[in-house]
Trainee: 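Okay, handing you the structure first.
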Amino acid sequence: MTEVQAVRHFVRLSQLNYSVDTGFFPLGSCTMKFNPKVNEWAARLPGFAGAHPLLPTEQSQGVLELMYRLERSLSEIAGLHATSLEPAAGAQGELAGLMVIRAWHMDKHGTPRKKVLIPDSAHGTNPASAALLGYQAVELKSNSKGVLEPATVAAAMDEDVACLMMTNPNTLGIFEEHVEEICRIVHEKGGQVYGDGANMNALLGVARPGDMGIDVMHYNLHKTFSTPHGGGGPGSGPVAVAEHLAPYLPRPIVVKEGDTYRLDFDQPMSVGKLRTFWGNFGMHLRAYAYIRELGPEGLHAASRLAVLNAQYIRALIEDEWDVAYEGRSLHEVVYTDKKLKETGVTTMDVAKALIDHGYHPPTVYFPLIVPGALMVEPTETETKETLENFAAAMKAIAAQAREEPAAIKAMPQKPVVERLDETRAARKPVLRWSPGFDVGA
Amino acid sequence: MTEVQAVRHFVRLSQLNYSVDTGFFPLGSCTMKFNPKVNEWAARLPGFAGAHPLLPTEQSQGVLELMYRLERSLSEIAGLHATSLEPAAGAQGELAGLMVIRAWHMDKHGTPRKKVLIPDSAHGTNPASAALLGYQAVELKSNSKGVLEPATVAAAMDEDVACLMMTNPNTLGIFEEHVEEICRIVHEKGGQVYGDGANMNALLGVARPGDMGIDVMHYNLHKTFSTPHGGGGPGSGPVAVAEHLAPYLPRPIVVKEGDTYRLDFDQPMSVGKLRTFWGNFGMHLRAYAYIRELGPEGLHAASRLAVLNAQYIRALIEDEWDVAYEGRSLHEVVYTDKKLKETGVTTMDVAKALIDHGYHPPTVYFPLIVPGALMVEPTETETKETLENFAAAMKAIAAQAREEPAAIKAMPQKPVVERLDETRAARKPVLRWSPGFDVGA
Amino acid sequence: MRYLPHTESDIQEMLQKIGVKSLDELFSTVPASLRLNRALAVEPSLDERALMDHLEALASKQPKGAPFLGAGANPHHVPPSVDQLLLRGELYTAYTPYQPEIAQGTLQITFEFQTFVTLLTGLEIANASMYDGASAAAEAALMAVRISGGKRTKVVVSKALHPEYRDVVRTYHTEGFDVVEVPFGADGRTDMAALEAAIDENTAGVLVGYPNFFGVVEDLGAIAKLAQAKGAIAISCTTEALAFGLLQSPGAQGIDVAVGEMQSFGNGLNFGGPGLGFFATREKFLRQFPGRVAGATVDKTGKRGFVLTLSTREQHIRREKATSNICTNHGLNATAATIHLSMLGRHGLKALALLNYRRARYAREQLAAAGLKPLFSGPVFNEFAVRAPSDAIARITKAGLSGGLPLGRYYPELGDGLLLCVTELHDKARIDALIAALA
Amino acid sequence: MRYLPHTESDIQEMLQKIGVKSLDELFSTVPASLRLNRALAVEPSLDERALMDHLEALASKQPKGAPFLGAGANPHHVPPSVDQLLLRGELYTAYTPYQPEIAQGTLQITFEFQTFVTLLTGLEIANASMYDGASAAAEAALMAVRISGGKRTKVVVSKALHPEYRDVVRTYHTEGFDVVEVPFGADGRTDMAALEAAIDENTAGVLVGYPNFFGVVEDLGAIAKLAQAKGAIAISCTTEALAFGLLQSPGAQGIDVAVGEMQSFGNGLNFGGPGLGFFATREKFLRQFPGRVAGATVDKTGKRGFVLTLSTREQHIRREKATSNICTNHGLNATAATIHLSMLGRHGLKALALLNYRRARYAREQLAAAGLKPLFSGPVFNEFAVRAPSDAIARITKAGLSGGLPLGRYYPELGDGLLLCVTELHDKARIDALIAALA
């Protein structure tokens, strides 16, 4: 294709996408906040975009200094000792964190232990990561308020348990108020506590996982620190650890000696390498820019306003939409489709109706413990007016569901395609163009 | 507005525009060719974007060298002696060219003379520019083949005529085959010939205005040399002149002395300054990049393929669409709505119907001498397939006009608004937002 | 070939359909005597990477960092957000919005631009932009003559107006009017007594800078009164539109036409072009004012939309009777300014103007302390003139900085004057470096 | 505050509607003992301009120009057209396309990416990308074990595979399999006799580079036969995907799984990340292969559309039974590669690969003439190792150039080896400068 053909093709395709730059994207747990444009500018500086990972230390000072400064910020925000920037995404950060715990157990107890405790509200990556390392995932039930009881943990905790993985605030958006006691229980049996950092956007400058007793956590820079999601990555999942776990971090780490920054490969206890080179530097620099843009006050304000926005929507639609758990939630709120039960309209139908109202749907059917879950996370970068318009759409859909359920079920009508046949896609997979390509018209 | 609000607002607005980057734009006389992306990259180099026009010569060598190289290229392409890059757009280039002619007459004949001869197929800017300098515009009729006859010029030519303004190929896309003789006639009476460069895209490396006898011409860098149209500028309208007119060019000009480039203000005969500083450098650099991208062979190929594309459309739709003048045309073709007369469908209706077919309409009702004119200029950057699809749409519209004229008259339906009430806009002008702003819904 | 999509077989098929044998035959109407028959003697083609290397080499010859120099091309921060929005092809590869249904983006942005111009100038109507401040000033002078029905033929111009603007006004005056210049005083403002004396019943318009070329803020209210007392149109011309963030608007001071340059918002310097001329005036001159303008209307279903309007004033309709010969304006530059102003908002605009004012004041005070006294006593915004040593430019260049305009270039009588500009691009360290270089 | 749109009155109205008195009260469920109650000790906020100056200062510490170094991060020309398309917010600020109706752009691009991967590798199916070449290699090893139903637990890896890739494969092997390494010969290729000896009935997969870490092109056909003779899966791993423009595809040589790094297309170096892992295999492994995948289907009206499919293999459905724990992939990098490959086309790809090959050959020949002999005798593409003086890096740096990897870092036995890479970014002048520095 010539340049003009390619430009037209991809411009046209881009216009078929919904994105943060085109509208409100309240996708729970994904933290679709605004991606500042200065960060994209920074990422294109030739010194950064053209930096080769294997040049000598003296030819890498600019990029290493940036990584070092980011590492210090992330450790401070987590209240932990050190952070490895290496993991490519949250799931790899999780894997790295579990490997660190595993290595620590091997070192300290001569065994990796066998089990990992995971609350029923956890992300799907948690059990998958545990399984990848050969751990048996043990599910813990949350109580009727949506939080984990110390007694539940105590009952499951024994010396076969390598760690407890928890998300705080959890995937219901609720702060695990017993976190300190839970950590104490796990630690007493020689276990470690892994904190999934997916929901850190609620806590910046408010509270720190390290202060709660959490030993390891990963960040999602593409959530909390505004690096763009890219239609499916790249992400970046730095893993922060308490001091006793620092020797096990993936290698290398960035250190500062005098005025010089260098990669330190001399980590004999390290779990090794999870990927080539030193992490997704392209994302590091955006996250670093974001942290410097906001500073301490800005980060704190971001979390407070993220929570304010979520609670404001909750207050606006509380008469029409059932909240899964009654207690105070923070930066996201999980609704159920209970009030629509008799109409036959499902959570998926609501999601598709929101598309026709001009919004990206919330996360649906997650967490799994909530029937027909709709998980709304507005983030702090949305205006009061946007939240009010969204709330109005949610109410309108609830009303229309009662009056014209069939109309809701026919949505969306506005996008370029209607609901797609996913079963056909999976049963007769067509995964590439080919001369005989003829799916649909 | 915060950055996110502004981004969404302008992204949304942008998506309401048709553009070269979204589709075929066969707007006659406007040369909507592809705008190479490397040129946009170049325009953002800090050394260019941040260059101040009043720094000392030694701090301006990069930009001056570029301007000098562009000036040399434009003079060579025109077959003329020197080019001033100063005019901000074609219309200002025209004005500058006429001023140069006027100053030359004053110098040589002690009078600016009174009249300017302008063929009936000319651009509207030609008489407007002439009038601005106090000249009386005298219209010359083209012959039945759409070209200017030497006899017509001879009849109108006297010693009160400052110049003849002509476009070649003219706005019918037809080469003025008598141009040499016409120039001789004008010159014999002491007049000058001004060449409107709007249609230079037909002639790059094929023939040169200077070789035809033309004394002055302006370029539209935003047509021939692919600088983007920007939704209405900025353009750039360099004016090239024969040697005898060079002393009158706007001041300053760029000169090279040894390895140094500088602005030469020492032009006592100059017509003066038409604008601040030294021209639309932002456009100069894009045009220069374009010329360097294509080189001599590429420029020649561009004109040959531009003509090929226009003639191919003509061949594809010749049974359905009446061409205004029968003879061979070059890079653009003017059609009439004659064959639709009995249907009641007008040229404007055809234009609006093309919108629903996914195309930008051609130029309509221009040139004025063609009733219901539709002026199609595809440019060289379009594929054969695009031209065939467009031709199919033109045929489909002709057919539908006969069968369902009312459907055509209701078009366009696909854009965000239907046909707008232009009379209301002019009668009750609302030219800005205000607290009571309430036009429409 | 790059950008040219045709394969050899495409070309052959197309020629066949057209009914000719070769590409050359398409040009059969061009007389043989006029055919070039050789390659153009332009430089050879470069591949994309080589072209980029070549252009980078040229760009890298330019000095780095923001110059301490405005004079109608003011160095300001262009937010990456503005620049990235401008890179959207839908905006920059669109044409003038003659087909409004598929140009609502450009049209609404134009409408918003007009709104911003009226808000900044305190006037009622504005056009969709002009080439630059100087051509806007010249068009204002032409309009003043037009308003008098051609009966008044003189335009009085302050000598403290930007010299290039005065040049351009003179260039445009060929037939329409005479230009009379009025001197400035020790405060750097237009000499009011001389101005009063110059304005008479033949004066169509009075044109002054605001701030003027020396960065000095004129007393527009008094000037407007003098002009209007003789039935002339009062025109202010602003080369640094950011000043509107802090100064009282021209409209509020009684000015009839406010023109100038708005490159400061969202546009780089680009060696002085393209600029962004703005033109605002009173509603009563609606049918007289030049340039393109967008207006709101409705479609057939009553839905709001925007169109280019009042085009009966324009050349493509009026031809030789048009109010101006302008066709292409500077739409993309206006788009940049509109985006930037939207992001700034009223509060951000004021804050940015204040930051400029404070930094310039700091520089002025420190320079004065270092012995570089102000040239003029009048109030200033972010530009000001000082008395400087004769080797000032050499010292500045040696310090790795750039800028400062020796006023002798335009005003031989101000030989030791150096015009400086300080904006948000000049942080304290950079200002201190300038002072160290000049002290 | 920047990016935070709330005014003070917005906040008060919102708090009132919620029914709390302060922002602090929103956090009432966070125990007081856990509240931070101080500002985070992170660096202070910078305004946008100051931030840009700071980041530019950091970036400017890096060397200029393309390094003579690949080793899995290959310096290539990224056309501005690719970069500018990537700046479209609709592409880079979208999420993973879980709502297909409003993500057809991302989904179709993913589908096109998968198509390109199958075309380049000569295999039948490909996923939507992985983190990088190394994790793709590790996932391929895991898949080989999975295909054997867990019965085979050994993976044989060539020592001429990228050392970091071998590291990563080892890191992933914790429970699933053992890694056995096989040496390379004097030609820089995997030692075939040793390889044959290492493969047994417990071998799940055999993994080699193509070209390998030394830039040497392995005999994939022979390797595939050795692996398959023992029922093992043959895996090739390519760190420089541009080589596919010139070399025979892995699929055509009988390879079962082709993985590697595709950063070379449309992506910068970015200090080594993000990369763009690709993963292609035979259709019969459709239900076993890892990662996200897009497929074509129809909507209710029969119109074609794209969806993520085969997700029953993925963690958000399968949780601990998933084929991989990968959730986010490298979609935007895949988009960049898709755009670049679209523009290159078959012809452009081949031309670009040939240009790389020729320039590298010129450099090799000139280096050899200057006394820097090739380290290996095997055929190469655009990377190659030479015997270099011990101060080679110092000389290169002194010449204002960068790159060359001392092989001793990873292979102590190759102490005088220097790995070099030459691409379209290195013109003759730059190559000659390198040779002059090393001669």
Side-chain angles (χ1 to χ4, degrees), chain A residues 6 10 13-14 16-21 42 45 47 49 51-53 59 61-63 73 88-89 91 124 127-129 131 134 175 205 207 228-235 272-273 276-277 280-282 295-296 304 307 311-312 315 383-384 415 417-418 420-421 424-425 430 432-433 439-440, chain D residues 5 10 14 17-18 23 26 29 34 39-40 42 44-45 55 58-59 61-62 67 88-90 92-96 101-102 104-106 115 131 134 164 167 171 175 268 270-274 295-300 304-305 307 309 315-316 319-320 322 325 327-332 342-343:
Chain A
F10 291 104
L13 287 181
S14 78
L16 305 181
N17 269 5
Y18 196 96
S19 64
V20 174
D21 276 7
L45 286 169
H52 196 285
Q59 288 184 316
Q61 287 298 295
V63 290
S73 294
S129 297
F175 192 84
H229 285 74
K273 283 196 72 57
T276 35
F277 311 124
N280 283 351
F281 175 79
R304 285 152 66 98
V307 172
Q311 296 314 307
Y312 187 56
T383 63
K384 181 167 171 282
V417 287
E418 296 190 28
L420 290 154
D421 186 345
R424 171 175 166 154
V430 178
R432 60 165 179 166
W433 298 102
V439 178
Chain D
D10 284 343
M14 293 165 81
K17 176 76 187 171
I18 294 166
L23 289 170
L26 293 172
T29 52
L34 295 181
L40 285 167
V42 300
S45 171
L55 292 169
L58 287 179
K61 292 183 182 179
Q62 295 296 124
R88 291 184 63 82
E90 297 96 318
Y92 81 88
T93 75
Y95 192 69
T96 305
E101 299 89 348
I102 48 175
Q104 286 297 302
T106 293
T115 305
Y131 300 141
E164 299 230 345
D167 264 3
T171 305
E175 288 290 317
N270 296 306
F271 204 43
T297 185
V298 292
D299 75 1
K300 292 193 300 181
R304 188 182 66 213
V307 292
T309 189
Q315 43 72 21
H316 68 277
R319 297 175 74 89
E320 71 276 14
N325 84 326
C327 177
T328 301
N329 59 356
H330 280 192
L332 196 65
S342 299
M343 289 187 186

Trainee: About how many Å separate CZ of D:Arg88 and CG of A:Asn17, when rounded to the nearest 0.5 Å?
Mentor: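 Going from the CG atom of A:Asn17 to the CZ atom of D:Arg88 covers 10.0 Å.
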Trainee: Could you tell me which of D:Gly268, D:Gly89, D:Pro67, D:Gly272 has the largest number of non-hydrogen atom pairs under 4.5 Å with chain A?
Mentor: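 The option with the most such pairs is D:Gly272.
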Trainee: Identify the two heavy atoms, one from A:Ala207 and one from D:Leu34, that lie closest to each other, and give their separation to 0.1 Å.
Mentor: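 Result for this residue pair: CB-O, 3.3 Å.
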Trainee: Take D:Val307 and A:Arg424, measure what side-chain contact (heavy atoms from CB on, under 4.5 Å) needs, and give me the verdict at the end.
Mentor: CA-CA 10 Å; D:Val307 292; A:Arg424 171 175 166 154; over 6 Å; no
Trainee: A:Ala42 and D:Leu55: which non-hydrogen atoms are nearest, and at how many Å?
Mentor: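 Looks like CB-CD1, 3.7 Å.
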Trainee: Taking A:Pro228, A:Pro296, A:Ser73 one by one, which has the highest count of heavy-atom pairs under 4.5 Å against chain D?
Mentor: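 It is A:Pro296.
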Trainee: Just give me the residue among A:Gln59, A:Gln311, A:Gln61 that pairs up with chain D most often, heavy atom to heavy atom, under 4.5 Å.
Mentor: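 The residue among A:Gln59, A:Gln311, A:Gln61 with the greatest pair count is A:Gln59.
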Trainee: Under a 4.5 Å heavy-atom cut-off, does chain A meet the side chain of D:Pro44, its backbone, both or neither?
Mentor: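 The answer is both parts of D:Pro44.
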Trainee: How far does CG of A:Leu16 sit from CD of D:Glu90, to the nearest 0.5 angstrom?
Mentor: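 One gets 10.0 Å once the value is rounded to the nearest 0.5 Å.
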Trainee: Taking D:Gln62 for its side chain and A:Gly62 for its backbone only, find out whether a donor-acceptor pair lies under 3.5 Å.
Mentor: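 The answer is yes, because a donor-acceptor pair under 3.5 Å joins these two groups.
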Trainee: Please answer whether the main-chain N or O of A:Lys273 pairs with a side-chain N or O of D:Thr171 as donor and acceptor at a distance below 3.5 Å.
Mentor: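 Answer holds: yes.
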Trainee: Under a 4.5 Å heavy-atom cutoff, which of A:Ala425, A:Gly282, A:Gly231, A:Ala6 has the most pairs with chain D?
Mentor: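 Greatest number of close heavy-atom pairs with chain D: A:Gly231.
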Trainee: Which atom names give the shortest non-hydrogen contact between D:Ala94 and A:Tyr18, and what distance separates them?
Mentor: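 Result for this residue pair: CB-O, 3.5 Å.
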Trainee: With no hydrogens and no angle check, just 3.5 Å: does a side-chain donor-acceptor pair link A:Asp421 and D:Thr297?
Mentor: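 Looking only at side-chain atoms, D:Thr297 and A:Asp421 do not form any donor-acceptor pair under 3.5 Å.
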Trainee: Which distance, rounded to the nearest 0.5 Å, do you find between the CE of D:Met14 and the NZ of A:Lys384?
Mentor: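 Between D:Met14 CE and A:Lys384 NZ, I get 7.5 Å after rounding to 0.5 Å.
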Trainee: Between D:Gly105, D:Ala134, D:Gly295, which has the largest tally of heavy atom pairs under 4.5 Å with chain A?
Mentor: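 It is D:Gly105.
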Trainee: Do A:Arg304 and D:Leu26 come close enough that some side-chain heavy atom pair is under 4.5 Å?
Mentor: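 They are not in side-chain contact.
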Trainee: Closest heavy-atom contact between A:Pro234 and D:Leu332?
Mentor: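 Taking every non-hydrogen atom into account, CD-CB, 3.8 Å.
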Trainee: Find the one option among D:Lys61, D:Lys17, D:Glu101 whose heavy-atom pairs under 4.5 Å with chain A are most numerous.
Mentor: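 Max contact count across the listed options: D:Glu101.
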Trainee: Provide the closest heavy-atom pair for D:Phe271 versus A:Pro53 in the form atom of the first, atom of the second, distance.
Mentor: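 Closest approach of D:Phe271 to A:Pro53, heavy atoms only: O-CB, 3.4 Å.
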Trainee: Could you pull out the closest heavy-atom pair between A:Asp21 and D:Tyr92, with the gap in Å?
Mentor: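 Closest pair (atom of A:Asp21, atom of D:Tyr92, distance): OD2-OH, 4.2 Å.
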Trainee: Between D:Thr115 (side chain only) and A:Trp433 (backbone N and O only), is there a donor and an acceptor less than 3.5 Å apart?
Mentor: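 At least one qualifying donor-acceptor pair exists.
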Trainee: Looking only at heavy atoms and a cut-off of under 4.5 Å, which of A:Thr383, A:Val307, A:Val63 has the most pairs with chain D?
Mentor: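 If we count pairs closer than 4.5 Å to chain D, A:Val63 comes out on top.
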